[in-house]
Every structure is written in structure tokens, then in C-alpha cells.
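No experiment lies behind these values; they were computed from the predicted model shown. Convention: sequence-line order gives letters A, B, ...; per-chain numbering from 1.
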Amino acid sequence: MAMLGNVLHLSPMVLATTTTTKPSLLNQSKCTKATPSSLKNCKTIDELKMFHRSLTKQGLDNDVSTITKLVARSCELGTRESLSFAKEVFENSESYGTCFMYNSLIRGYASSGLCNEAILLFLRMMNSGISPDKYTFPFGLSACAKSRAKGNGIQIHGLIVKMGYAKDLFVQNSLVHFYAECGELDSARKVFDEMSERNVVSWTSMICGYARRDFAKDAVDLFFRMVRDEEVTPNSVTMVCVISACAKLEDLETGEKVYAFIRNSGIEVNDLMVSALVDMYMKCNAIDVAKRLFDEYGASNLDLCNSMASNYVRQGLTREALGVFNLMMDSGVRPDRISMLSAISSCSQLRNILWGKSCHGYVLRNGFESWDNICNALIDMYMKCHRQDTAFRIFDRMSNKTVVTWNSIVAGYVENGEVDAAWETFETMPEKNIVSWNTIISGLVQGSLFEEAIEVFCSMQSQEGVNADGVTMMSIASACGHLGTLDLAKWIYYYIEKNGIQLDVRLGTTLVDMFSRCGDPESAMSIFNSLTNRDVSAWTAAIGAMAMAGNAERAIELFDDMIEQGLKPDGVAFVGALTACSHGGLVQQGKEIFYSMLKLHGVSPEDVHYGCMVDLLGRAGLLEEAVQLIEDMPMEPNDVIWNSLLAACRVQGNVEMAAYAAEKIQVLAPERTGSYVLLSNVYASAGRWNDMAKVRLSMKEKGLRKPPGTSSIQIRGKTHEFTSGDESHPEMPNIEAMLDEVSQRASHLGHVPDLSNVLMDVDEKEKIFMLSRHSEKLAMAYGLISSNKGTTIRIVKNLRVCSDCHSFAKFASKVYNREIILRDNNRFHYIRQGKCSCGDFCLTDDDLEVLKGCLDLGFGFNYDEIPALCKTLPALELCYSMSQKNLDDKHTPPLQLPIGRSLVPSCDNPDDVKARLKCWAQARRRRFQKGIGRSEFN
DNA sequence: CTAGGGTTAG
């Protein structure tokens, strides 16, 4: 990613020799006599500074060899301060201008991860007329390899050939390493194959190249070729690479073989190898073996601790990770920045802001904040702990500038002779990279701040040098799915294609989910069909898409296909299948799937699965069975389960059971407002106004309020959000006119407003008005007037859509010939031609017979108020056509019967409703037989 | 010259 300008065309200004800066003041009294050999004892930057001071005092500061070692030592410490000091010493001694000095600093910068600076130095050296030696190229290439500066590395390769170093073994080795690191394994292999002579390093570089990319198998193969066929003796570095390849492959067998090889060949097991072995055992899930090794080699090995801790974090064993961390501190090992990454990540997973902050403090005290990955980990931690402001502060302080921008800024400073400023430019906060942006965006998505996430994504677009990757798009697609905006979904898909972002299974799965949540199951399925290597989550997303679209049969087919393909369904997949059954009213299949979970697939049903079953049985009117299931649950039923039962009671109109369920919820989750609202709905439907008032009063006493319902609709890229009774929209007069028109036409078709949806103690007229101003109605009316004729209207609602608005949508779809897709917090409603895909409030053929009779007797009805009878789709259309005919027939106008609240308000038992309706149906048949009545129903 | 462990997603 770091691409500096063309080596040969770099502005000479950048390369201008800089003047000296003054060394910082030091505590002179503490100076001891410095000799080149005492350098080894310098462990801190202060000691190094003291050493330098002492050198200067003794007049030894022009000993090139010592100065170079000092520079190298200082670089090794790897803090900003130490590198700055190294640079200072370097600038002071530049009069010596040796190749050796340059080599040392280039290497220092490269090994500290400051590759851009290293490359700049390399370029500066090339342009200053100092001839490089065979060491300069490897150092320069190492910097290019680390920062993946492919272009610069290729240019250096050109220079190598031009200057006649192409046959040098060391240089060739570096080229192999560079190409492998940049993912150009073919080029690396070409250099490797053409070498006339190879040493361990050549082999190791190539093996490591394979191991680091996704060719771990090739790495292992090459290793065995090296030791068996070529009889080259590996060293510890080779072994570390091979072990890590086994770790990647999660191949314990080969790993153990390699370990045996090490013991037989007498290679000394060093700390790094132990770390690699521990890592390998951890990744192969042999935690106990890893732990044994860890205990054996002790906690004083920093690398080993880091390896152990990071593996614990990866497996979500955060407490164990922090335990390792504490152990380190106890044994006096100072955690480095790699340790801190694990530590911060643990705090982030634990959402422990207190420990997180103390990690941040440690980071600041040690100067680790100059590393981008440390900053990114901190941003993640603060985001997950809901300290968005702090996260953003760190994020904003990170540099926006790319290397190219840096180059020109530095050039400008150098031109004006502002050398300090030029170097300071490199000492700003680390560059914001794609991970930083991804961390912020995903943090916002996880905090349900979806619009904000998309906003940040948009501002990222204007950042030069930062390009969205698969991870970015997963977060953005997830945000889009929550917002339900199809236009955005389409744009996201287009964006991914246009920018050539690799569509792997994970991203593909997110897109399937996104399209299905945006009400476009066709696109969801076409993406699913295009995916190769589908895993269980991909299938689950497709099952969910079909379930949400109301196509339960297809969902179950997919579920069966998945099993047939040999994939093992997991808990989430079962939730998808059971939800499909529940929404499609497939009681028998749902039961079969539920009971097959443990028996056939070895997946223990969790509370969510019981919730699905309660939902399934409840919707089908099998309340007793649902209660029985709850009682048989092996775990304590939670509030979600009771809420499923309560919702079923609402549909079935079972007051007593509703009250029982609500009571349970109020104990388990007193803050759950929805249960009060549902219960008061049940009472209202049953006409038990006193009980309803009591529920509302107790809500008030507890200070609970029904969250405001909001509905949004996108018109020409702009989102319009409505709340209930909201009159702020500029087009309100037109919206109101439209609302009146729809409700008038609906009432002509026999629709009676379902006032039980109004939980207010007001008179009937007021109720009718309040009902007519529900947010989803406002959004629909606005959609009808402001979008083109015949286009689909898409609404997203935060709460569950009320039954009256559901009816309203069906009438509107029929009358205005519009497809309406309504998404609420429960499911999707695809409404076309007066019918809805959701499966609720729809009738079976059997029920239809009953309803025909009902109509025939002159009862108008409210589609949504026929509980227990409502299952299938085609029925609704028939009902519609019947009521249409009813309307046309002057002799049987729609009757205004006491059905506003419920068809049979006093009746708690759905079977009674059914029985009564059946009587009517029989009456109708008798009339037909006598030749009275209308024959078009046959 | 070559080296394990590292941040973001679900």
C-alpha cells in the first residue's frame, strides 16, 4: 500500500541533505565512562542518551562503528523517542556520510515498522551519490516487503540488476522474501528457482512465503523436500515457519512430526520455537498440551506469553488471557505492544472500560500510541464500551495523510529549510488505515447507529488512499439491512462489483441477509445461488430470506437441501427453519424439525428454539400445547418465551392466558414495555376496558412509556420519517387528503376501523382519528402521493405494525394497484393485490367457507379481526372479491355490525368463534339450496 | 538477508 514516488524521479528537494539538530540535555552527573563495549548494557533510551553524552565528552563521537551501533541499538528499542534520537545522532554524524550508517538506520526504521521512513532514506541515499553495498538492497527490500510497497520493491529489483548485484546470494534471498511478502509467490519462486546456490535462508524465505499466505501446505511440502531431498539443515527460523504452517493448517499430526524432527535433529529449542509450538497446539485445539509447554517454559518469556494471550483472546477466553497478562507483570516481564493488543482486545470483549482505560494509560506511558494497530484496538475498545466520543477522539487524531501526501509535505518543508518540521511530519500520529475506518464503522453498527455508520463510510470515500474492503462492506451491508433501504442495498452491491471487492462467503452471506431485510428476496436468492463454498451461515441467510418473504415451503426445501449437501445445521439454522414454519403455519413440519434437532442432528434446543415453537403453536391456535411446551422446558423460560405466548394470546384473544404471560414477563423483565401494550391490547379487544385501564395505570406508575412508533420511507433518495400524529411534514395537507380518500374507499369495502389498537381513554371519534394518524399510515399515504404510479412502496417501522394499518395497507394495495412492502420489527409484509404474504390474518379454505356464510348473512368484517381462522393467502383475495361484490350488490350493502372491536368480543375461546361462524355458513348453504342468494360463490 | 504472536466483520 505504501507507494513512494518513482525512485529515479523523486524530487531532489526531499533528498536534500539536512542540517544538524542539537542533542537534548542530559543529566550530566550520571554520566559514566562510555566504551564501545559498554553499549551492550544500555537497555533504555535514557541509558543510550547518557552513553552518547559520554562519548561526546570523550571525543569518541566520530567513531563510525560505535555511532552506527548506537544508532542501531536505539532503533531496536523501537519507541518514537528512541528512533528520534537515532535520527538525531545520524544527522549529527552525517559528515561521515557512510553507506554503513545509512544501512544501519534504514534497517532500524524497517525493523521498527517505520517502513515509509526507511524507504525515504533509501531513496535519499540513492540520490546523494553514496554507493550502496550489497547490504543496502536487502534492508531497502525488507522495508518494501513489510509495507507491501510492491512498486518500490520492483524498482529496487531494477536497480539491483543494473548495478550488478543480481547474482549475490543475500540480495537474491531478500528478493525472494520481498516478492513472497507482496503476494507475488510466482515471482518469488522464479528468483528462488533461478538461484545457482541456495542456503538455509533462501529455503526459509520461500517456505515462510508460502506459510504466510494461504499456501501452508506448500510450505510444509517444501520443508520436507529441503530436509529429505536436498539435505539442507534447517535452523530455528525454518522450524518456526514450518510449525506456524502446521498451526495454520490446524494439522496436529504434521505438527507433532515436525516437533519430533526437531528433537531428533538436536536443534536447540529457543523461545521463539516454544512460542510457535504453543501457538500450534492452541490452534489445533490441544489447549492442555499448550498449557503444559507454557507452564514448563515459564511466564518470563515475553514472546511465549504473547502467543498464549493472543490465542486465548482469539478463542474468546479473555479472562485466561488477562491471567497470562497478570502472570507476566508478576514475573517482572514488561508487556510490549503485542501484549497490549491482546490486553486491549480482552477488555474490549469483556466491555470492561476500567481495565481498558488502564491499558490505555500503559500505552501512553510507553509510547505505544504511535502504532496504528494499538490505536485501532483502543478505538474498538472504546466503541464497544459505548464511549464513542473517546473512540472518535483517538480516531480523529490519527493522520489522514497517505505516504504520497507526506512526500510532498516533507518536500515543502525541506525546500524552506525547515528540517525539524520535515522530520516532525513523520512523528505525527499513525496513519488511519482501512482497519481504523472499519473499527469505527463496525462499532457504530454494533451500537445500532446505522445512519452514522453510513455517514462515516461516506466521509471515508473522500479520503485518498483508503479503499473499502470486504470487512467495510459487511458492516455497511449490515447497517443497510437494519435500515431496510433497498436503494442503498442496490448501491452497495453495485459498489462492491465496481470496486472489485472480493465477494467471499462471508460478505455474500451478509448481502443475502441485507437484500432479504430490504424486501428483495429475488436479489438475495440470486446472490446466494452465485456463491461457491456455501457454509451453514450462507444457507441460513437464504432460509431466512425465504421465511421473511413468506415462502415457508421454499425455506424448508432449502433447509433440507442443506442437510442433503452434508452440512450440519447449527442452532441458528434451526431458528431460521422454525421461524419459517411458524410464519407459514407449518405446524407439523415445525414439530418434526424441532424434535429432530437433538435426535438426528445432536443440537440441543436452546431457549430461542423453544421461543420459536411457542410462536408456532400459538399462531396456530394451539395455546394449550404451547403452555405445555413451556412447562416442559429443561431451562427456566425467559421473558422472550413468555412474550411469544402473550403475542399468540393477543391473536387468539385469550385474555386469561395473556394476563398470566404478562405477569411472568413483568417479573422477569419489568422494563419491557411491549408486554404491557400487548396485554392492554388483549383487554381492549375483549372489551374489558377496566382491566385495560389498570394495565395502563400500572405502566404509568412504573414510569414506562410506549416507545414512539416511527415509520420511514425513502423517496428519491431522501428518507422521510413519520411518528404517530406527526404533522410536521411539509406535504401534510396532501397526506391528509390521501388518508381520507383511502379510509373512505376502505370503509365502502366493508372495512371497519379496529379501535382496539388505540390505547387511549378517549371517545370513539377521537379514537378513529388517532388510529388514522398512525405513523405507517402517514408514510404509506405519503408514498402513494409522492412516488410514481405502479411503483413499489417500501416502509420500515420500528415497532410491530398494528392490525388496522395492516388492513389499510391491503386496501391501499388493491385500490391503487401498488405493491406495498412493510417491514416491522417482527417480519415482512409483502402486500400485493389486497393480500399479504405474512400468513397472519389470512384464511384457510375451510375458514373461507365460514366467512362466505358470514358475508352472505350480511356481516361486514375486518380482515384482521378474525382470529384463529387466519392462515392462508388466496383466501384473502377471495374475501376481497366477495366484499367487492357485496358492495356492488345494492340489496346487501355492507352492514355496520358490532364488529369494530372484534368479531365476537366476549368470546375468549377461538373454537367458539369458529363454531358460531360455521352456523352461519350452514345457514348460507341452506339458502343456496333453496335457490335464494347469489350463485357466483359456487 | 530469513522469524512466532497483532487490531476490524459474524
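- The distance between the ring centers of A:Tyr179 and A:His157 falls below 6.0 angstrom.
- Picking from B:dC1, B:dT2, B:dG4 the nucleotide with the shortest atom distance to the side chain of A:Thr204 gives B:dT2.
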- [ ] Would you check, one step at a time, whether the test salt bridge (charged side-chain N to carboxylate O under 4.0 Å, His left out) holds for A:Glu181 with A:Lys146?
- [x] CA-CA 7 Å; A:Glu181 277 294 282; A:Lys146 252 194 195 137; over 6 Å; no

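- Listed candidates were B:dA3, B:dC1, B:dA9. Nearest to the side chain of A:Val471 is B:dA9.
- The stretch residues 208-226 of chain A touches DNA chain B through A:Cys208, A:Arg212, each having a heavy atom under 4.0 angstrom from the strand.
- Between A:Tyr382 and the options A:Lys357, A:Arg393, A:His360, a side chain to side chain donor-acceptor pair (under 3.5 Å) holds for only A:His360.
- One atom, CG of A:Leu141, and another, P of B:dC1, lie 12 Å apart when rounded to the nearest Å.
- Side-chain proximity of A:Gln446 to B:dG5, B:dA9, B:dT7: nearest is B:dA9.
- Ring-centre distance between A:Tyr165 and A:Phe137: below the 6.0 Å cut-off.
- The A:Lys283 side chain lies nearest to B:dG5 when the options are B:dG4, B:dC1, B:dG5.
- Nucleotide B:dA9 holds its C1' atom 12 Å from the CD1 atom of A:Ile476, rounded to whole Å.
- Using a 4.0 Å heavy-atom distance criterion, A:Lys384 is classed as a sugar-phosphate-only contact.
- Listed by residue number, A:Phe170, A:Asn173, A:His177 are the residues of residues 170-185 of chain A with a heavy-atom contact under 4.0 Å to DNA chain B.
- Applying the side-chain hydrogen bond (donor to acceptor under 3.5 Å, both in side chains) test to residues at least two apart or on different chains, the pairs with a partner in residues 199-208 of chain A are A:Asn173-A:Asn199, A:Asn173-A:Ser202, A:Asn199-A:Ser202, A:Thr204-A:Thr238.
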Open item on the list: One pair to check against ring pair (Phe, Tyr, Trp, His ring centres under 6.0 Å): A:Phe395 and A:Trp437. What are the steps and the verdict?
Closed with: CA-CA 8 Å; A:Phe395 181 73; A:Trp437 289 94; 4.9 Å; yes

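- Counting only N and O atoms by type, the side chains of A:Ser339 and A:Asp336 include a donor and acceptor under 3.5 Å apart.
- Ring to ring, A:Tyr495 and A:Phe457 are close: their centroids are under 6.0 angstrom apart.
- A:Ile441 comes within contact range of no nucleotide atom at all, as no heavy-atom separation falls under 4.0 Å.
- Residue A:Asp336 contributes atom CG, which lies 15 Å from atom P of B:dG4 at whole-angstrom precision.
- Contacts of A:Val435 with the nucleic acid, taken as non-hydrogen atoms under 4.0 Å apart, include base atoms.
- One can place CG of A:Asp469 at 13 Å from P of B:dT8, the figure rounded to the nearest angstrom.
- Residue-environment remark: CD (A:Glu268) stays at or below the threshold of 12 foreign heavy atoms within 6.0 Å.
- Using a 4.0 Å heavy-atom criterion, one finds that A:Phe137 contacts no nucleic acid atom at all.
- B:dG5 atom C1' lies 15 Å from atom CG of A:Leu293, rounded to whole Å.
- Which of B:dA9, B:dT2, B:dG4 sits closest to the side chain of A:Ser275 comes down to B:dG4.
- Counting any heavy atom pair closer than 4.0 Å across all strands shown, A:Ser142 reaches sugar-phosphate atoms only and no base atom.
- Nucleotide B:dG4 holds its P atom 14 Å from the CG atom of A:Asn311, rounded to whole Å.
- In the set B:dC1, B:dG4, B:dT8, B:dT8 carries the atom at the smallest distance from any side-chain atom of A:Asn438.
- In this structure, A:Phe515 has its ring center no closer than 6.0 Å to that of A:Phe528.
- Nearest to the side chain of A:Leu272, among B:dT7, B:dA3, B:dG5, sits B:dA3.
- At whole-Å resolution of the value, CD1 in A:Ile492 and C1' in B:dA9 are 14 Å apart.
- Looking at heavy-atom distances under 4.0 Å, A:Asp303 makes contact with a base.
- The CE-C1' distance, from A:Met273 to B:dG4, rounds to 11 Å in whole Å.
- Ranking B:dG5, B:dT8, B:dT2 by closeness to the A:Val237 side chain, first place goes to B:dT2.
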Open item on the list: A:Asp380 vs A:Thr439, test: side-chain hydrogen bond (donor to acceptor under 3.5 Å, both in side chains). Steps then yes/no.
Closed with: CA-CA 6 Å; A:Asp380 178 53; A:Thr439 309; 5.8 Å; no

